[in-house]
Each structure stands twice: as structure tokens, then as C-alpha cells.
Amino acid sequence: DTAHNILEYLERMYYILRCGGLLISLGPLLYHYSDMDGEVSVELCWDDVVRAISSIGFEIVSEETQIPCRYIANPLSMMDHIYKCAFIIARKPDKNNCN
């Protein structure tokens, strides 16, 4: 949710990971800049995020959606925020197929 452009983040992660390295992500698709005037915000649905991860060159190892995750939860309070999060593990190809 800190990215103006999630595609740039994914491309940068691919670039900095060594061959065989893992991208592991768990979280909701919150686009922090979506409602801010004058801010660019590239907002993809989860299916498009997964396609982008594959298109960049990652191999999808595992993917799961609708994982309930508490956010700012206090067991003594009546207030509780629960996001339905997405989880993905993607691998940058090994040395033989790595760019």
C-alpha cells in the first residue's frame, strides 16, 4: 500500500533478488494514494497483480486469497478490523533461466 505504482515495486524486487530468491507477500490490496488529489496510483486487482508477477519473470510457487488478518485489534475492545488478505510466494528463476 506504499507504492504509487505496484508494477515498479515488483520490477525492482525482481531486479534486486538473486537467482532463486523468493518474493513473499501477505496483505490486503490497499492503495494508499488512491484517494489523494494530485497523486498517481496504479491500482490492480489481485488477478492482475499475479499476472504481472508472472510477466516480470517470477515463477508462482504458492498463492492463496481470502486469508483473514486482524488489523489494529484489541481483545479488550469491541472494535476489530479484519482484512481479507492475499498471500503469494514467487521465485526468481535459478541461474540457468535467470536474467
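Between Tyr15 and the options Arg12, Met13, Glu11, a side chain to side chain contact (heavy atoms under 4.5 Å, CB included) holds for only Arg12.
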Trace of the side-chain contact (heavy atoms from CB on, under 4.5 Å) decision for Ile88 with Ser62
CA-CA 6 Å; Ile88 193 164; Ser62 178; over 6 Å; no
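How far SG of Cys85 is from CD of Gln66: 9.5 Å, rounded to the nearest 0.5 Å. The CZ atom of Arg91 lies 12.0 Å from the SG atom of Cys19; values are rounded to the nearest 0.5 Å. To the nearest 0.5 angstrom, Ser55 atom OG is 10.0 Å from Asp48 atom CG.
In this structure the side chain of Pro68 never reaches within 4.5 angstrom of the side chain of Lys84, judged on heavy atoms. A heavy-atom distance below 4.5 Å is not found between the side chains of Asp80 and Asn74. Two residues are said to be in side-chain contact when any heavy atoms from C-beta on lie closer than 4.5 Å; Tyr83 and Arg70 fail this criterion. Side-chain contact between Tyr14 and Lys92 is present, with heavy atoms from C-beta onward closer than 4.5 Å.
Think of Leu22 as one node in a network of Ile, Leu, Val, Met, Phe, Trp and Tyr side chains linked at under 4.5 Å; its network also takes in Ile24, Leu26, Val61, Ile67, Phe87, Ile89.
Contact between Leu10 and Phe58 at its shortest, heavy atoms only, is O-CE1, 4.0 Å. What you find for Leu17 and Leu23 is that their closest heavy atoms are CD1-N, 4.0 Å.
Ile82 and Met79 sit in two unconnected hydrophobic clusters of ILVMFWY residues. Membership requires side-chain heavy atoms under 4.5 Å apart, directly or through other members.
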